[in-house]
Asks: 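Have a look at this one.
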Protein chains: 2
Amino acid sequence: METVGFDAKDDTVLEQLEVLVVIFSLRESRLKVLLKAQAGDLWALPGRPVRLSSSLEQAAAEELDCHTGVADAYLEQLYTYGDPERISGRRLISVAYFALIPADAPYTAGEAYGARWFAVDDLPPLAMDHAEIIAYALRRLRYKLEYSAVGFQLLPETFTLSEIQRTYEMILGEKIDKRNFRRRILAAGIIEPTPALRTGEGRPARLYRYRPDAVAEVKARRLFP
Amino acid sequence: METVGFDAKDDTVLEQLEVLVVIFSLRESRLKVLLKAQAGDLWALPGRPVRLSSSLEQAAAEELDCHTGVADAYLEQLYTYGDPERISGRRLISVAYFALIPADAPYTAGEAYGARWFAVDDLPPLAMDHAEIIAYALRRLRYKLEYSAVGFQLLPETFTLSEIQRTYEMILGEKIDKRNFRRRILAAGIIEPTPALRTGEGRPARLYRYRPDAVAEVKARRLFP
DNA sequence: GCAAAAGTGTTACAGTTACACCCATGG
DNA sequence: CCATGGGTGTAACTGTAACACTTTTGC
């Protein structure tokens with residue numbers, strides 16, 4: 001074999017290569033993952049082959065966009081799965097990404113193309129090693145939550161302190177003390193109050209906004225509870 | 001195109017796929033990386049194509065073995081680089097791994113095939129995006145050092161407390177208090193004393209051994225200074 | 001006996017946790 | 001006026017950081 005030339009608009013794909021995307025979102029007060037129906041009652045992570053002309057991350061972003069309509073979500077490479085045993089009769093390299101989309105992204109957007117949201121603790125039977133991939137993505141998400149500001153990527157533009165706290169509790173699966181949580185998250189300086197209040201049952205709550213300029217991941221570990 | 005069948009001993013390779021290995025070791029009291037000479041005064045990370053029949057990690061382990069003679073070193077997948085722009089005229093997906101080999105592995109073993117050790121803070125001109133890959137591997141190594149027992153993979157089977165401390169200082173690039181370091185590392189219970197002493201200049205030092213059974217990465221973060 | 005590295009505790013400080021009541025609104 | 005969720009401070013405790021001298025060996 002020899003080197004393959006290609007031009008910048010080459011639409012052919014590498015046969016043995018795909019990207020997969022583990023798309024997380026908060027839906028109905030639960031952390032959910034978007035899955036596509038497959039033949040044989042199995043579900044699978046959304047994924048696509050990679051064009052010669054596009055980067056891996058672009059391919060993942062396109063797959064994310066076509067399912068959720070969200071183009072600028074948080075997207076991070078997770079791991080590359082490429083063992084010969086993971087699929088019989090064919091070699092397949094899957095570069096897995098994980099994505100976080102805000103809770104206020106249109107619910108039904110994800111349900112085009114036979115896709116559905118499943119709570120991470122209540123998954124259907126999954127194709128290949130996709131269960132393992134989701135488990136790893138979840139571990140990484142929980143882990144990152146503790147030393148970075150990644151949790152805000154799951155929230156709408158503005159949110160109340162209680163909403164952030166519920167988000168953290170939902171992902172980490174444990175209760176957090178309200179006063180300690182507020183003190184810390186405010187001390188970290190990564191959110192700022194807006195003039196607006198959210199009114200609902202009970203006393204109205206101050207709405208806050210995330211400050212992406214704040215250097216969160218740097219230096220300070222375990223920023224949050 | 002269509003699906004490619006293959007059998008378990010298929011030696012053909014995927015043309016656009018390679019593994020790269022960032023091999024770290026402590027040499028002459030510095031943290032060094034193994035690089036191979038390339039045409040045009042450039043140096044590159046050791047790497048190889050992936051056979052259809054072998055896993056990515058196997059391929060990385062083989063590349064590591066053939067350069068260092070170490071078959072059971074610490075090996076971890078780092079990141080997959082696959083943007084079209086990283087090499088002109090050809091699409092190349094590089095799955096990068098990083099490896100740690102003990103300081104007492106034979107020095108010259110790495111120097112077969114025109115390879116040489118370079119201190120991480122004094123690297124030669126590098127091919128493609130390999131400088132970026134090394135920088136990322138180093139960041140990850142430093143990071144992991146703080147919440148896992150990965151540092152022991154760079155040490156011989158037995159070592160003195162001062163040797164571990166110097167290892168940490170070398171990688172993190174900062175001084176650590178001797179008494180605090182010892183107290184913590186002993187409290188963590190991940191090393192145990194051996195009957196042996198190491199004699200040299202000054203008072204002989206107790207030799208310790210790493211206890212791989214100790215659950216290090218679990219639960220406790222920031223185990224070390 | 002002196003140079004060189006090993007070994008050893010205590011105190012001050014900072015950060016974390018635990019904890020309970022009043023406030024503002026809608027119905 | 002009451003049910004609902006929002007908002008607030010302090011004290012005990014735990015972990016971390018700073019710090020200097022004695023011990024054992026080889027030369």
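Values reported hereafter were calculated over all heavy atoms of this structure, with side chains retained and with hydrogens, waters and symmetry mates removed. Every chain is numbered from 1 and lettered A, B, ... according to where its sequence line falls, protein lines coming before strand lines. Values in this document were obtained by computation on a predicted structure and should not be read as measured data.
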Asks: Taking only residues two or more places apart in sequence or in another chain, which ones pass side chain to side chain contact (heavy atoms under 4.5 Å, CB included) with A:S25?
Replies: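 Counting only residues at least two positions away or on another chain, A:S25 forms a side chain to side chain contact (heavy atoms under 4.5 Å, CB included) with A:R27, A:I101, A:W117.
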Asks: Applying salt bridge (Lys or Arg N to Asp or Glu O under 4.0 Å), name anything that partners B:R140, two or more places apart in sequence or on another chain.
Replies: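 B:R140: salt bridge (Lys or Arg N to Asp or Glu O under 4.0 Å) contacts with B:E76.
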Asks: Could you list all N or O pairs between the protein and nucleotides 10-13 of chain D that sit under 3.5 Å apart?
Replies:
{"residue": "D:dT10", "atom": "O4", "partner": "A:R183", "partner atom": "NH2", "Å": "3.1"}

Asks: A:E169: which residues meet the salt bridge (Lys or Arg N to Asp or Glu O under 4.0 Å) condition with it, sequence neighbours left out?
Replies: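 A:E169 satisfies salt bridge (Lys or Arg N to Asp or Glu O under 4.0 Å) with A:K175 once adjacent residues are dropped.
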Asks: Output all residues satisfying salt bridge (Lys or Arg N to Asp or Glu O under 4.0 Å) with B:E57, sequence neighbours left out; order by chain, then residue number.
Replies: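 B:E57 satisfies salt bridge (Lys or Arg N to Asp or Glu O under 4.0 Å) with no other residue.
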Asks: Could you check how far CZ of A:R166 sits from C1' of D:dG6, rounded to whole Å?
Replies: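 Rounding to the nearest Å, CZ of A:R166 and C1' of D:dG6 are 11 Å apart.
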Asks: Taking side chain to side chain contact (heavy atoms under 4.5 Å, CB included) as the definition, give me every residue that meets it alongside A:K36, ordered by chain and number, with sequence neighbours left out.
Replies: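 If we apply the side chain to side chain contact (heavy atoms under 4.5 Å, CB included) test to A:K36, skipping adjacent residues, the hits are A:P46, A:E63, A:H67, A:A115.
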Asks: In whole angstrom, what separates B:R182's CZ from D:dA17's P?
Replies: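 Taking atom P of D:dA17 as the reference, CZ of B:R182 is at 18 Å.
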Asks: Starting from P on D:dT16, measure out to NZ on B:K178 and report it in whole angstrom.
Replies: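 Result: 21 Å.
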Asks: Rounded to whole Å, how long is the line connecting atom CZ of A:F181 with atom P of C:dA18?
Replies: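 Taking atom P of C:dA18 as the reference, CZ of A:F181 is at 16 Å.
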Asks: Can you list everything that forms a ring pair (Phe, Tyr, Trp, His ring centres under 6.0 Å) with A:Y208? Sequence neighbours excluded, please.
Replies: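 For A:Y208 there are no ring pair (Phe, Tyr, Trp, His ring centres under 6.0 Å) partners, ignoring immediate neighbours.
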Asks: Can you tell which of C:dA6, D:dT8, D:dC19 lies closest to the side chain of B:A205?
Replies: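 Of all the options, the side chain of B:A205 is nearest to C:dA6.
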Asks: Would you compute the distance between atom CG of B:L78 and atom CD1 of B:I134 and round it to the nearest 0.5 angstrom?
Replies: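 Answer for the CG-CD1 pair, B:L78 versus B:I134, is 10.5 Å.
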Asks: To the nearest angstrom, how far is B:D177 atom CG from C:dG9 atom C1'?
Replies: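 Going from CG in B:D177 over to C1' in C:dG9 covers 12 Å.
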Asks: Under the salt bridge (Lys or Arg N to Asp or Glu O under 4.0 Å) definition, can you give me all pairs with a residue in residues 117-126 of chain B, not counting sequence neighbours?
Replies: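 Every pair satisfying salt bridge (Lys or Arg N to Asp or Glu O under 4.0 Å) with a residue in residues 117-126 of chain B: B:R30-B:D121.
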Asks: Please find out if less than 6.0 Å separates the ring center of B:F152 from that of B:F159.
Replies: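 Centroid separation for B:F152 and B:F159: below 6.0 Å.
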Asks: So, taking the atom named CD1 in B:I185 and the one named CG in B:N180, what distance separates them when rounded to the nearest 0.5 Å?
Replies: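 B:I185 atom CD1 to B:N180 atom CG measures 12.5 Å (nearest 0.5 Å).
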Asks: Could you state the atom-to-atom distance from CD of B:E146 to P of D:dT16 in whole Å?
Replies: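 Atom CD in B:E146 sits about 12 Å away from atom P in D:dT16.
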Asks: CG of A:L186 versus P of D:dG6: gap in Å, rounded?
Replies: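 Taking atom P of D:dG6 as the reference, CG of A:L186 is at 14 Å.
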Asks: So for B:R179 and D:dA20, does any side-chain atom that can act as donor or acceptor lie under 3.5 Å from a complementary atom in the base?
Replies: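 It does, because a donor-acceptor pair links the side chain of B:R179 to the base of D:dA20 below 3.5 Å.
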Asks: What string of B, S and - do you get for nucleotides 22-27 of chain D, 5' to 3', if B is base contact, S is sugar-phosphate-only contact and - is no contact with any protein heavy atom under 4.0 Å?
Replies: -BBBS-
Asks: Taking the side chain of B:R184 as heavy atoms from C-beta outward, which of D:dA17, C:dT16, C:dA6 is closest to it?
Replies: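 Closest nucleotide to the B:R184 side chain: D:dA17.
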Asks: I need the full list of salt bridge (Lys or Arg N to Asp or Glu O under 4.0 Å) pairs touching residues 193-206 of chain A, with sequence neighbours left out, sorted by first then second residue.
Replies: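 Passing the test, one end in residues 193-206 of chain A: A:E163-A:R198.
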Asks: Among residues at least two apart in sequence or on other chains, which ones pass salt bridge (Lys or Arg N to Asp or Glu O under 4.0 Å) with B:R86?
Replies: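 Per chain and number, B:R86 pairs via salt bridge (Lys or Arg N to Asp or Glu O under 4.0 Å) with B:D129.
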Asks: Give a yes/no on whether any side-chain N or O of B:R206 is located under 4.0 angstrom from OP1 or OP2 of C:dA6.
Replies: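 Checking C:dA6 against B:R206, no side-chain N or O comes under 4.0 Å of OP1 or OP2.
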Asks: Could you list by number each residue of residues 154-163 of chain A showing a heavy-atom separation from DNA chain C of less than 4.0 Å, or answer none if no residue does?
Replies: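 Contacts with DNA chain C under 4.0 Å: none.
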Asks: Rounded off to whole Å, could you give me the CZ-to-P distance for the A:R198 and D:dG7 pair?
Replies: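 Value for this atom pair: 11 Å.
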